[in-house]
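For reference, the structure discussed in these notes is given below.
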Amino acid sequence: MSITDEAQRPLHIVSWNVASWPTALKAILRFNPSLESWLERHNIDILCMQEVKVIERKIAEEPKTLGALSEHYDTFWSSCTVQEKRGFNGVATFARKGLTACANSAPLNDAALDAEGRCIFTDHGSFVIFNVYVPNDGPDSCRLPLKMRFLRALRKSMAAARQQGKTVLLAGDLNISRRPLDVFPDWRRLDIDNLLSDRGFETEENSLLRIVRRDMRSFWPRITERLAAATPKEQTIPNGATRFKLAATPLDGSAPVLLGDVCESASEARWSFQSEGYSVTDEASGEVFVVKRNNRMCVKRVVECMVKLANIVWTKQTVRELQNVMGEQYSSPPCIEWFDSLLNEDKMIDSFVHFYPTAEGRYTCWDQYRNRRYENEGSRIDYIVVDGASSANLVRGPPLYVAQGVPRRVSLATTATSTTEAAASTTVSLSEEAEPSESVTTPTEPSSSIDKQQQQAAGPRQSSVDVTSAAAALTAATGGGHWRPAPFDGSGLNVGTRMDDEAQFYVPHTGMLYTPPVYSDHIAVSLLFLRPKSNSSSSSDDCVTLASDKVTRRAQPHLKQPSIRTFFSAPAAAASSNNNSSSASNSSSSLAAKVETLSSTITAMASSTTIASSSANSVTTTTTKSASSFFSATSSRTLPSSSSAAVVAAAGSSRDGEAAEDASEAKTASPYFAAPSSSGNTSSASSSSSAAKRPKPSAASSSSSSSKLAAKVGKAKSLPVSQQTLLQMFQPSSKPPT
């Protein structure tokens, strides 16, 4: 269907592991004038980022540098607060203003898990998003128990939100490859017992696999013995570092050969060729988790052993048949079972598989250390998963990105394709310029001359390409040849040219947003999503008002108002050298910089307030349940907020030891959400009473404070008039407060 009504425009939701937001942002700004212009060119409404690697203090002190203060987007952050892991993990959600009701940076109700900064919750009226960065298994899968604990807590929190009538979206890096198709064919695991048996080889169609079975029966038992006796051997790589490969003796008794890739440790070199199953135990609970089932080894290692140890070479067609027919998932069984429970029990939908169930080679992460992206040797571990009840709200849009001859200038309102069209052809014609029937050029899109240069650089276009093919996926992963491998001389990734950077821009669609390799080792995944109708009595969910409760504010450290002392306290060193003209000059410059920072902060806050006020006045707000209703007992009191504005005030409140304080605030949220007082003078009386109890400062104290502040203000005499006026705002008033 063609959607022309702006109220029914699908949201473009994007999830991306940025592998360090400061680094990714620097790459974005290399060829784009601003972060917002980049977001606009991709038509992104909600951006969920993982592995931002930014501590909370830096967000508060450098909000503009990190894009946290934005004219058109609200930003929400959850940073790692575990002391030994500070600067790692971290997630952030950027949403267009007017889309978010509230946020929670600690929604798992587990202090230890929430402190890792791996999940942030945002409420968008009729639907909610859990933006997550799931722990990886770790070396020898030692972190698998932690990973399963996280996944279980996440599923429990999603169920709580669902019980409140919300549509749940799960976006992020799940560190799970659920299907065999989600991992490069060489790395799919084989069930050795199955290969040695007669299962799966009964028909003539499996003639190639019968050859495999014959060879495996003849040689594999002896190969297993040689692998058990193999030893790791040190290797020196070009930069002088020591690495390891496994050395094993062939069956004919000749000189030992090296197996596998270069590994950082001896145990890693040995692990790749171990077929025995093994498990890990959770020390806290005693629960045992299976890491790998018995007699499993990936296709690549089996083929390598047959060639190097038994001198048996299978044809490419035979290996391909082995990969596609016998290959299994690579991830740990408990993780796959957890994911299956989301789809089968919780009735959620993998949005990518929903539209492209047979797509090959569509991966989201590659090993850039070995330039694996340019062979498309990767895995799909990033997802946007949606409640199945909202399957009709999923929009496919244009075909998957293929980097050649694709439409680049399309209004999001004209590209919606309903789920009934999912069975449409996935072949896009490239012989003509592939433009949609309704095309709208926006000022932020690249000019047609740039598009023509890109098409010429990409070479002659094919007559057509199946976007679900492995060839199309390889073309997309390399930007149609614009993105090139990094040299092995230590100079780092290729930055490329502006034209290379332009190759990333494509029409909003459900699928994958291929960013240049210099941005991150992950690409983004995308979803076009029609907002579900709210269960509330409000006639529209198009715009909601952002809450100002404590839990939401905690997810916005960049909006915390700094103390005046932060801006005007002189450094100790400067204070001890007042007679030194150089020190005085440096102090004045420092003060000027601080005043400039404060001026920018106040201007941004004023702008934000104006925009929020304008949005609030243009929509009809709706009633919501209490802030704690999603993740704790349901409150019977209704708060006058907009579209579930206080959904999460009590969730994860144990972070930083403030459980009791947050639980108390969850009942009253904040003055913004407080129930109307029966007496309009209650607040004034309380304030007067508090003021009466406060001790009055002595005259000497007041005089001393005034003198100190006057001295500091005196250092700024050379500042511009506007900044001197700003300083006057903080001078003590000679009049008593009214």
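Heavy atoms only: backbone and side chains are in, while hydrogens, waters and symmetry mates are out.
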Any donor and acceptor pair, going by atom type alone, linking the side chain of S15 with main-chain N or O of I384 inside 3.5 Å? no
If only atom types and distance count, is the side chain of S79 paired as donor or acceptor with the main-chain N or O of V54 below 3.5 Å? yes
Salt bridge check, D45 against R9: does any charged N sit closer than 4.0 Å to a carboxylate O? yes
We want to know whether Y519 and D501 form a side-chain donor-acceptor pair, criterion being a heavy-atom distance below 3.5 angstrom. yes
Rounded to the nearest 0.5 Å, what separation is found between the CG atom of N89 and the OG1 atom of T81? 10.0 Å
Would you find more than 12 non-hydrogen atoms of other residues, nucleotides or ligands less than 6.0 Å from F88 atom CZ? no
Ion pair check, R149 and D282, cut-off under 4.0 Å: no
Sub-4.5 Å side-chain heavy-atom contact between T510 and L394: no
For the side chain of R396 and the backbone of F355, is there at least one donor-acceptor N/O pair under 3.5 Å apart? no
Check: S177/D182 side-chain N/O donor and acceptor closer than 3.5 Å: no
Tell me whether the count of non-hydrogen atoms from other residues, nucleotides or ligands lying under 6.0 Å of CZ in R30 goes above 12. yes
So salt bridge (charged side-chain N to carboxylate O under 4.0 Å, His left out) across residues 124-138, not counting sequence neighbours, yields D137-K147
Could you check whether any side-chain N or O of S78 sits under 3.5 Å from a backbone N or O of V91, counting only pairs where one atom can act as donor and the other as acceptor? no
Does some side-chain heavy atom of V385 sit less than 4.5 Å from a side-chain heavy atom of I349? no
Given the rule in the ring-ring contact (aromatic ring centres under 6.0 Å, His included) test, do F127 and F529 qualify, once you have shown the distances and angles that lead to the verdict? CA-CA 11 Å; F127 69 97; F529 184 66; 5.4 Å; yes
Do you know which two heavy atoms are closest between E116 and C80, and how far apart they sit? O-CB, 3.4 Å
Working to the nearest 0.5 angstrom, can you tell me the gap between W16 CH2 and M49 CE? 8.0 Å
Is it true that D521 and Q368 share a donor-acceptor pair across their side chains at a distance under 3.5 Å? no
Would you check, one step at a time, whether the test salt bridge (charged side-chain N to carboxylate O under 4.0 Å, His left out) holds for R152 with E287? CA-CA 14 Å; R152 290 168 178 174; E287 184 176 1; 2.8 Å; yes
Are H72 and E36 packed together at the side-chain level, in the sense that at least one heavy-atom pair is separated by less than 4.5 angstrom? yes
Please identify which of these residues, N131, N17, T364, meets the side chain to side chain donor-acceptor pair (under 3.5 Å) condition with D173. N17
We want to know whether H558 and T75 form a side-chain donor-acceptor pair, criterion being a heavy-atom distance below 3.5 angstrom. yes
For the residue pair L154 and F130, establish whether any side-chain heavy-atom pair is separated by less than 4.5 Å. yes
Return the minimal non-hydrogen interatomic distance between L528 and G397, and the atom names on each side. CD1-CA, 3.9 Å
Pick from L169, I13, I129: which one makes a side chain to side chain contact (heavy atoms under 4.5 Å, CB included) with H124? I129
For a side chain to side chain donor-acceptor pair (under 3.5 Å) with D387, tell me which candidate from K166, R162, K347 qualifies. R162
Could you walk me through whether K53 and E51 pass the salt bridge (charged side-chain N to carboxylate O under 4.0 Å, His left out) test, one step at a time? CA-CA 5 Å; K53 296 183 178 179; E51 208 174 353; 3.6 Å; yes
I need the minimum non-hydrogen distance between I176 and L151, along with the two atoms involved. CD1-CD1, 4.2 Å
Judged by modelled atom types alone, do Q50 and W21 share a side-chain donor-acceptor pair under 3.5 Å? no
At what distance, to the nearest 0.5 angstrom, does NZ of K26 lie from OG of S20? 10.5 Å
Give a yes/no verdict on a cation-pi contact between R178 and F339, requiring under 6.0 Å between NZ or CZ and the six-membered ring centre and an angle within 45° of the axis. yes
Check: M348 main-chain N/O paired with D346 side-chain donor or acceptor under 3.5 Å: no
Point-to-point distance, once rounded to the nearest 0.5 Å, from CE of M148 to CG of L146: 11.0 Å
Pair S390-T167, side-chain donor/acceptor within less than 3.5 Å: yes
Does a donor on one side chain sit under 3.5 Å from an acceptor on the other, for S37 and N32? no
Between P107 and D114, what is the shortest heavy-atom contact and its length? N-OD1, 3.4 Å
Residues L530, V395; criterion side-chain contact (heavy atoms from CB on, under 4.5 Å); working and verdict: CA-CA 7 Å; L530 290 170; V395 177; 3.8 Å; yes
Take I59 and I55, measure what side-chain contact (heavy atoms from CB on, under 4.5 Å) needs, and give me the verdict at the end. CA-CA 7 Å; I59 301 170; I55 62 175; over 6 Å; no
Do the non-hydrogen side-chain atoms of S126 and K533 ever get within less than 4.5 Å of each other? no
Within the 4.5 Å heavy-atom criterion, are P145 and F289 side-chain neighbours or not? yes
Assess, by modelled atom type and distance only, whether the side chains of Q504 and Y401 contain a donor and an acceptor separated by less than 3.5 Å. no
Yes or no on side-chain contact (heavy atoms from CB on, under 4.5 Å) for H522 and W366, after CA distance, side-chain angles and deciding distance? CA-CA 7 Å; H522 289 244; W366 299 265; over 6 Å; no
So which heavy atom on I336 is nearest to which on S331, and how close? CD1-O, 3.3 Å
Hey, are the side chains of H42 and V14 touching, using non-hydrogen atoms and a 4.5 Å cut-off? no
Once you round to the nearest 0.5 Å, how far does CD of E337 lie from CG of L342? 12.5 Å
How far apart are the C-alpha atoms of L99 and I46, what are their side-chain angles, what is the distance that settles it, and do they pass the side-chain contact (heavy atoms from CB on, under 4.5 Å) test? CA-CA 9 Å; L99 286 180; I46 300 175; 4.1 Å; yes
Spacing of OH belonging to Y133 relative to SG belonging to C119, to within rounding of 0.5 Å: 14.0 Å
Below 4.0 angstrom, N of the basic side chain to O of the carboxylate: do R96 and E40 qualify? yes
Do F505 and W38 have side chains that get closer than 4.5 Å, going by heavy atoms? yes
Hey, mind stepping through R155 and E345 against salt bridge (charged side-chain N to carboxylate O under 4.0 Å, His left out) and telling me if it holds? CA-CA 11 Å; R155 188 182 178 197; E345 299 174 19; 2.9 Å; yes
Is the side chain of Y73 donor-acceptor paired with the backbone N or O of T93 at a distance under 3.5 Å, no angle test? no
Distance-minimising heavy-atom pair for K97 and D74: NZ-OD1, 3.1 Å
